[in-house]
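All remarks here apply to the structure that follows.
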Amino acid sequence: MTVALFTLGGTIAMAGTGGQGVVNRLTGAELTAAVPGLADIPLDVHDVQAVPSAALTYRQVLDLVDAAGAAVAAGATGAVVTQGTDSLEETAFLADLVWPHEAPLVLTGAMRNPTLAGPDGPANLLAAARVAAAPAARDLGVLVAFNDEIHAARHVRKTHSTSTATFASPNAGPLGHVIEGEVRLLTRPPRRAPLPPVDVDRLAATRVALHTVTLDDDVALLEAVARDLDGLVVAGFGVGHVSPDFAPALGALAERMPVVLTSRTGAGSVLRHTYGAVGSETDLLRRGLVCGGLLDPYKAKVLLRLLLAGGADRAEVHAAFHRYG
C-alpha cells in the first residue's frame with residue numbers, strides 16, 4: 001500500500017517570512033515530516049513546481065492528473081495532491097471530469113500556514129493520505145479532504161476566505177468523515193463517466209468567459225465581454241434570472257455560441273419552468289441558453305471549456321450539462 005503524493009505549493013507548504021508575508025516553500029519531505037502519524041502510510045513523494053493556486057493553468061492540472069494516473073497504474077493505492085485553496089474547487093472538478101481510475105485522487109491544502117498557531121495543513125494532509133489509502137474511497141472519483149471531512153469534487157465549494165472549515169458541499173453535504181483515523185463514508189453518489197481526453201493546445205485556445213449579473217447591470221459590458229468567445233457562462237440572480245434588457249442580448253449570443261445559465265447564489269439549482277417573465281429562467285432557456293442545473297458558475301465554466309475544446313456540438317453540450325448539472 002503506497003500513496004503517491006504530489007506537492008504543488010500553497011499555504012500548506014509555506015514557511016518563513018519575507019517582507020510581504022510567508023513566501024518560502026516546504027519540500028514534500030519537510031511537509032510530511034511535520035505530520036504525526038503519517039509515517040504509518042508509505043508515501044511516494046513528488047515535488048511539483050511550486051505554483052500559487054491562483055496561477056494554475058488547465059495544462060498544469062491535466063499534466064498532474066496524468067502523473068497521478070501513471071502512479072496509480074504503476075501500483076499506487078491512491079494519490080494525494082497538496083495545493084493552495086484559492087482555486088481548489090475548480091482544479092478538483094477539472095481533475096474529476098477526466099480521472100478514469102478506480103483509485104481515489106484526493107486534493108487538500110491549508111488555511112493556516114505553518115508559521116501560525118494551529119496550522120491545519122498537517123491534519124488535512126494526514127486525512128487526505130488516509131482517504132487515498134482507504135478501500136472505501138475507491139470508485140468515487142476525485143475527492144477533497146479538509147477539516148476531517150470528505151467531499152466530492154463536483155459538489156465542494158470554498159465558502160469562506162479564512163475559516164479552516166471553508167470547504168463545504170452546500171447541495172449535498174460531505175460524503176463522509178475521518179474519525180479517529182478511520183475513513184467513514186456515509187454515502188456513495190453515482191459516478192459519472194470521465195470525458196474523453198482533450199488536446200491541451202486546443203484547450204489553451206478555447207475561450208470561455210463568466211459574467212455575473214448585478215443590479216442595474218450594463219448590457220454593453222456583457223456584449224464587450226462576449227466578443228471572440230467560444231462560450232459563455234452567465235451567473236444569474238436567484239434561480240436563473242436576469243434583467244429584461246439582458247434577455248435579448250443573451251438570446252442573440254446563444255445563437256452563435258453555447259451560453260450556460262447558472263445561479264450566482266452559491267447553492268441550489270437553476271430552475272427550468274417556474275417563472276415566465278422576460279429575463280426569467282423559462283424565457284432564457286426558450287431563447288437557447290443551456291441550463292446549468294446544480295453546477296455553480298465556476299464548475300460550469302470548467303465543464304464548458306473542456307467540452308468545447310473536445311469538439312462538442314450544441315446537442316452534446318446540452319446533454320453533458322443535463323448529466324453533470
Side-chain angles (χ1 to χ4, degrees), residues 4-35 45-68 79-99 105-125 127-129 142-147 151 153 156-168 200 203-204 206-210 212 266 296-299 301-302 305-306:
L5 172 63
F6 297 84
T7 64
L8 273 176
T11 297
I12 192 172
M14 292 297 182
T17 58
Q20 302 300 318
V22 287
V23 292
N24 298 331
R25 179 200 177 183
L26 297 172
T27 66
E30 292 169 333
L31 187 62
T32 57
V35 183
V45 180
H46 306 261
D47 284 320
V48 185
Q49 180 183 5
V51 180
S53 69
L56 284 169
T57 66
Y58 279 49
R59 181 188 291 268
Q60 289 170 314
V61 175
L62 294 176
D63 285 346
L64 185 59
V65 170
D66 287 342
V80 171
V81 174
T82 61
Q83 67 160 82
T85 61
D86 284 348
S87 64
L88 193 148
E89 63 189 284
E90 291 164 84
T91 60
F93 186 59
L94 172 58
D96 190 52
L97 288 172
V98 299
W99 182 252
L105 174 59
V106 187
L107 276 65
T108 195
M111 296 300 292
R112 291 180 183 154
N113 71 74
T115 70
L116 299 176
D120 56 327
N124 289 339
L125 177 53
V142 177
L143 303 169
V144 171
F146 222 93
N147 203 35
H151 295 270
V156 74
R157 296 287 309 273
K158 185 175 182 180
T159 65
H160 195 283
S161 62
T162 60
S163 171
T164 56
T166 181
F167 285 98
V200 290
L203 181 61
T206 301
R207 304 184 68 198
V208 175
L210 166 62
T212 301
D296 63 65
Y298 314 115
K299 291 184 174 64
K301 184 174 182 284
V302 171
R305 190 174 174 193
L306 277 186

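The first residue of the sequence shown is numbered 1, and numbering continues consecutively from there.
- Every residue two or more places apart in sequence or in another chain that forms a side chain to side chain contact (heavy atoms under 4.5 Å, CB included) with A165 is listed here: N147, S163.
- From H160, atom NE2 reaches atom CE of M111 across 8.0 Å, with rounding to the nearest 0.5 Å.
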> Please walk me through it: do Y298 and L210 pass side-chain contact (heavy atoms from CB on, under 4.5 Å)?
Replying inline: CA-CA 8 Å; Y298 314 115; L210 166 62; 3.9 Å; yes
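- For the pair A153 and A92, the tightest heavy-atom approach, listed with the atom from each and the gap, is CB-O, 3.4 Å.
- Although no hydrogens or angles enter the test, the distance criterion places no donor-acceptor pair under 3.5 Å between the side chain of K299 and the main chain of R157.
- Taking each heavy atom of S87 and S53 in turn, the nearest pair found is OG-O, 2.7 Å.
- The distance from the CG atom of L62 to the CH2 atom of W99 is 12.0 Å, given to the nearest 0.5 Å.
- A donor-acceptor pair is defined here as one N or O able to donate and one able to accept, closer than 3.5 Å; such a pair exists between the side chain of E30 and the backbone of T27.
- N124 contributes a side-chain N or O that, together with a main-chain N or O of G109, makes up a donor-acceptor pair within less than 3.5 Å.
- A donor-acceptor pair is defined here as one N or O able to donate and one able to accept, closer than 3.5 Å; such a pair exists between the side chain of E89 and the backbone of K158.
- Partner of L107 under the side-chain contact (heavy atoms from CB on, under 4.5 Å) criterion, chosen from L143, T85, V81, T82: V81.
- When each of V208, T91, L97 is paired with V302, the side-chain contact (heavy atoms from CB on, under 4.5 Å) condition holds for L97 and for no other.
- Between the side chains of T7 and D47, a donor-acceptor pair is found at a separation under 3.5 Å.
- The backbone N or O of R112 lies less than 3.5 Å from a partner atom in the side chain of D120, making a donor-acceptor pair.
- Evaluation of the ring pair (Phe, Tyr, Trp, His ring centres under 6.0 Å) rule for F93 yields no partner, not counting sequence neighbours.
- Not a single salt bridge (charged side-chain N to carboxylate O under 4.0 Å, His left out) links D96 to another residue, sequence neighbours left out.
- Once rounded to the nearest 0.5 Å, the distance linking CG of L5 with CG of L125 reads 6.0 Å.
- Here the CZ atom belonging to R305 is positioned 10.0 Å from the CZ atom belonging to R207, to the nearest 0.5 angstrom.
- Under the 3.5 Å distance criterion, the side-chain polar atoms of T159 are matched with a main-chain donor or acceptor of T166.
- Closest heavy-atom contact between A127 and A145: C-CB, 4.3 Å.
- Test V61, I12, V51, L56 against Q83 for side-chain contact (heavy atoms from CB on, under 4.5 Å) and you get one pass: L56.
- Smallest separation of non-hydrogen atoms from P114 and P119: CA-CB, 3.9 Å.
- Across all their heavy atoms, V65 and A95 have their closest contact at CG2-CB, 3.6 Å.
- Taking each heavy atom of A68 and L105 in turn, the nearest pair found is CB-CD1, 4.0 Å.
- A distance of 6.0 Å separates CG in L94 from OH in Y58, rounded to the nearest 0.5 Å.
- The OG1 atom of T108 lies 5.5 Å from the CZ atom of F146; values are rounded to the nearest 0.5 Å.
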> Run the side-chain contact (heavy atoms from CB on, under 4.5 Å) check on L8 and L64 step by step: do they pass?
Replying inline: CA-CA 9 Å; L8 273 176; L64 185 59; 3.7 Å; yes
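- Judged by distance alone, with hydrogens and angles left aside, the side-chain atoms of T57 form a donor-acceptor pair with the main-chain N or O of Q60 at under 3.5 Å.
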